[in-house]
Each structure stands twice: as C-alpha cells, then as structure tokens.
Amino acid sequence: MSNTQVGPVYDTIIAEVINAVRVDFEENGVDDGALEDLKKTWQHKLSQMDLAQFPWDPKPDPPATLSAASGPPTATPVTAASSNYAQTAGQGLSLPGAPNGVPMKQEPGFAPGEPTIKQEPGVQPSLQGYNPALGTAAQRAALALESQYGQRAAASISAIHSGMSQVNPAAPQQPQQGQRPGQQQQVPQHVNPQQQYRQGVAASIQQRMQQVPRPGQNGLPTSQVDGTPDAAEDDTKTIIMDRTEIDAYLHAQLAARGKEMEGGGLMVPLKKVKKSAKARRSAEKRGDAEGVANVDGGLDDDVKSEEDDEDAINSDLDDPDDGADDDEDDDESMGHMMLCMYDKVQRVKNKWKCTLKDGVLTVNGKEYVFMKATGEYEW
Amino acid sequence: MANSSNTYYDLYRHGSLGVALTDALDELIGDERIDPQLAMKVLTQFDRVIAETLNEKVKARLSFKGSLDTYRFCDEVWTFLIRNVTFKLDSGGQTIQADKVKIVSCSSKKTEEK
C-alpha cells in the first residue's frame, strides 16, 4: 500500500464513473460539457485536498482556468435540464415556501378548530333527529333485557330508574342555560312507564356515551372549551354523540392536527435542511483548509465537541452509514480516517484484532488505499 | 466481493474522493446544469466503481497497532476510534504515526450476500 498508488487508482475510478454516467447524462438531455466540468471539478477538488500526487496534477493551470470557467458557463442554455431542475426545485421549494405558509397553515389549523366547534353545535340538529334513534336503541335494549332475563331484569331496570332520577334533575338545569333546548326538552316529554324504561336505558347509555367522549375531549386540543365555563360544562353534559359522530369528531381532530404538523410539525422545511447541509459542508471545507495545519494534534475540546456532534447527528439519521458519515466528515477534516470493509473483528478480553480490506485511509493529510489491513489494539 | 451484487455501500462517499465528487455535483446542481436525480445516479455509480476498483486494482497491505479508545458495532457497521496508531506499510517498511484515527467499516460478507 502506498500513497503513490492513490493517484492512478483514483484516476481510474473517476474515469469509470464518468463513463458509467455518460448514458444517464445523455438520457437527461444534459450536454457533455456538464459531464466534463463534473470531472474537472472533481479532480480539482481532489487536488486541492492535496492528499496525493494525482495524474492530472502535472497540469495545475487547466484546473484553475476551468474552475474559473465553470462559473460563467453555468448559464449554458440547457433548457430541458434546467426546466427539469426548475420543476424539481419547484416541488422541493413548495415546502421551503412553507415558512410563509407555516403561519398560514397553522391558522387554518386553528380555524378548523372553530368549524369543529361548529360541528358540535351542528350536532344539535342531528341529535334531535338522533334521540329517537337512541330511543329505538333503548327499545332494543329494553326488549333484550326483558327477553333475556325476564324478571331478573327488574333490578337493572330499577337501576335504570335511579339513573333516570339522576339525569332528570340535571335536565331542567340545562334548558335554563338555554343552549340545547331541543334535545333536553325531549327528556321530560316521555311519560308512560314503558317509555320511561326506554328513556332510562337511553339515559344510562347517554351517560356512558358522555363518559366515553369526555376523556377524548379533554385530551384533544378542543377549541370548544373556548366559551364560558358554564358553556363548557353544558357542552360536556349535553353533547351526546353516537359512535359514528364520535369517530367523525376524532377524525376531524386528527386531521386538523395533521394539518398543523404538515407545516410546522415534525417535517423540517427543505430550506432548513439545505442550510444545515451547506453549513456542514462549509464547515467541512474550512476544516479541510485548516486540516493540514491542525493535523499535528487536535485540541481536546475539539475532540469532545466532535463526539457530542456525533451523538446528536446519529440520533437524527436512520441510516447508520449516514450517521457514521457525518462523524467521518468531522474526522476527515482532522485528516485521520479509514473507510473499509471488515472480514473479521475479534476480541479477547481487552485485545482486539481485526482484518480489514478494500479500504481508504486518510492520515496526516495523505491518502492511502489498501487491499488488506490487519489491526491489533487494546482497549 | 461485490461483483455479483447490485447494491453497494455508500460508505466511500465520505472519503475524500466521494466528498470531492459530492461537492462537484453540488456545484452543478446549484448552477442548475443537472438535476438532483442525475446526481444521485452518479453517486450510485461511484459506490459501485470505487468498491470494484478497490477490490480489483489495489494489492497493497498494511498493519496497524494502537490503543482502542471507542468501539461501536451498530447495524453491521464497526466504528473504532484508535489513538496513538502506528501504521506499517508493507511496501518499503514505511511507518506512519497518528494520534487518532477513526475507522468505519462495513461487513464485507454482506456485500457478497446482497
């Protein structure tokens, strides 16, 4: 393994990559000039790193002129490609555009909250049409009780009565608040005993229904609580929803949440991502510039901050390779890094032995390639 | 090793060669001369070519010793941070000293199986 091997090997790699992607460039309607510029910029950047003697280095002037030239010719009329890119950029930018849209979206996020309040009042009419349905359910429940348990149901029926007596006192209070007269008035309207059974069953069901949504209402960021405390109390007491309505309500809530998330939630606007990536890259470049000077020994502080960074970055990224990469980037700026494959990693107590292959090693500002490496170290 | 496989590690993208390529691609993208998808294709090709080239063209060996500071094995990737390393190159018996080297290593078997 040697430093002199790096140049030819890298040259081969560059040539092969460029050849391999030529077809892709053509298929994308990108001119050959871009490909050539890619190659030259690539080589130029490698030369700047000063990691080894590269075959293209003997002509240091061309890269300089090329790098200068690579600026202006960017305006080459590759309309197809640029429009392509513009499209993709546009797609990508729709999110970055979100910074403007974020507050907008959040407000809708709240605004839907108000509609959802209104849905609840809107429940009233449906409740009016709905209580009869409860009545039939109550009928069915009563019938089922009777048919199944006959007289034994008497106990539960009496329990239902007591439930009635609990509900009925509450009922007159609510009409006083005048919020949901329609449905409450129906309660006292039931007079004859059978209807009382039904009503009782209905009431107990209602109670259960109320109990069910309550935690949901409290748990969710409902905007229905924006009224006076009385009104809120009234809401919880009088809003009676059947399952479909509860489902619809929860669904609406979740959807509203989702909308809030879209702009301001977990998803990070592309611009931010790009910025951080750019910042990292520029930091890297700075590191590269300083790297050679720093090679003789990193400060302890640097090391520590690096390690902190590693942890932070690793937590963000799913891909372990990527996570490792960022570490490497940091370390590369220090100029000490080995990327390779491992065949074997063995440990006996604190002694480690490993067999590595196909690696690239960057040490002290020089690059080395190797087919096989064996390492022994103690922990 | 990876000749029969279609998937390659993107590990080497973070070596100097890969970083130089990524920067060059970024410039082209920034100048709107190529679109990002094309850049991804280039990087994919790079993953393949560098893996193959290192496997086929490079014959050099080296050995190294040092004290292991940190080790990590996660998702089949070994990461070692070794301090006070001495590399011995078999060509010419040259030695290289470094106070700190980070090794990031993917399984060679995985590429074969893939």
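To find a chain, count down the sequence lines: A is the first, B the second, and so on, and within it residues start at 1.
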Under 3.5 Å, side chain of [X] to main-chain N/O of [Y], donor-acceptor pair present?
X: B:Ser108; Y: A:Tyr342; answer: yes
X: A:Trp379; Y: B:Ser67; answer: no
X: A:Trp42; Y: B:Leu17; answer: yes

What orientation do A:Trp352 and B:Tyr71 show, parallel under 30°, tilted 30 to 60°, or perpendicular over 60°? tilted
Could you look at B:Leu38 and say if it's the side chain, the backbone, both or neither that has a heavy atom under 4.5 Å from chain A?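 The side chain, not the backbone.
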B:Leu28, part contacting chain A, at a heavy-atom distance under 4.5 Å: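 Just its side chain gets close to chain A.
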For a quick test of reading the model, state the closest non-hydrogen atom pair linking B:Lys100 to A:His336 and the distance between them.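 Here B:Lys100 and A:His336 meet closest at O-CB, 2.6 Å.
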Test side-chain contact (heavy atoms from CB on, under 4.5 Å) applied to B:Arg33 and A:Leu38, A:Asp37, A:Val30, the passing residue: A:Asp37
Is A:Ile18 close to chain B through its backbone or its side chain, or both, or neither, when contacts mean heavy atoms under 4.5 Å? neither
Contacting moiety of A:Ile13, where chain B heavy atoms sit under 4.5 Å: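 For A:Ile13, heavy atoms of backbone and side chain both lie under 4.5 Å from chain B.
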Options A:Gly33, A:Cys340, A:Ala373, ranked by heavy-atom pairs under 4.5 Å with chain B, top entry: A:Cys340
If you count heavy-atom pairs within less than 4.5 Å of chain A, which of B:Val42, B:Ile50, B:Val58 leads?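 Of B:Val42, B:Ile50, B:Val58, B:Val58 has the most heavy-atom pairs under 4.5 Å with chain A.
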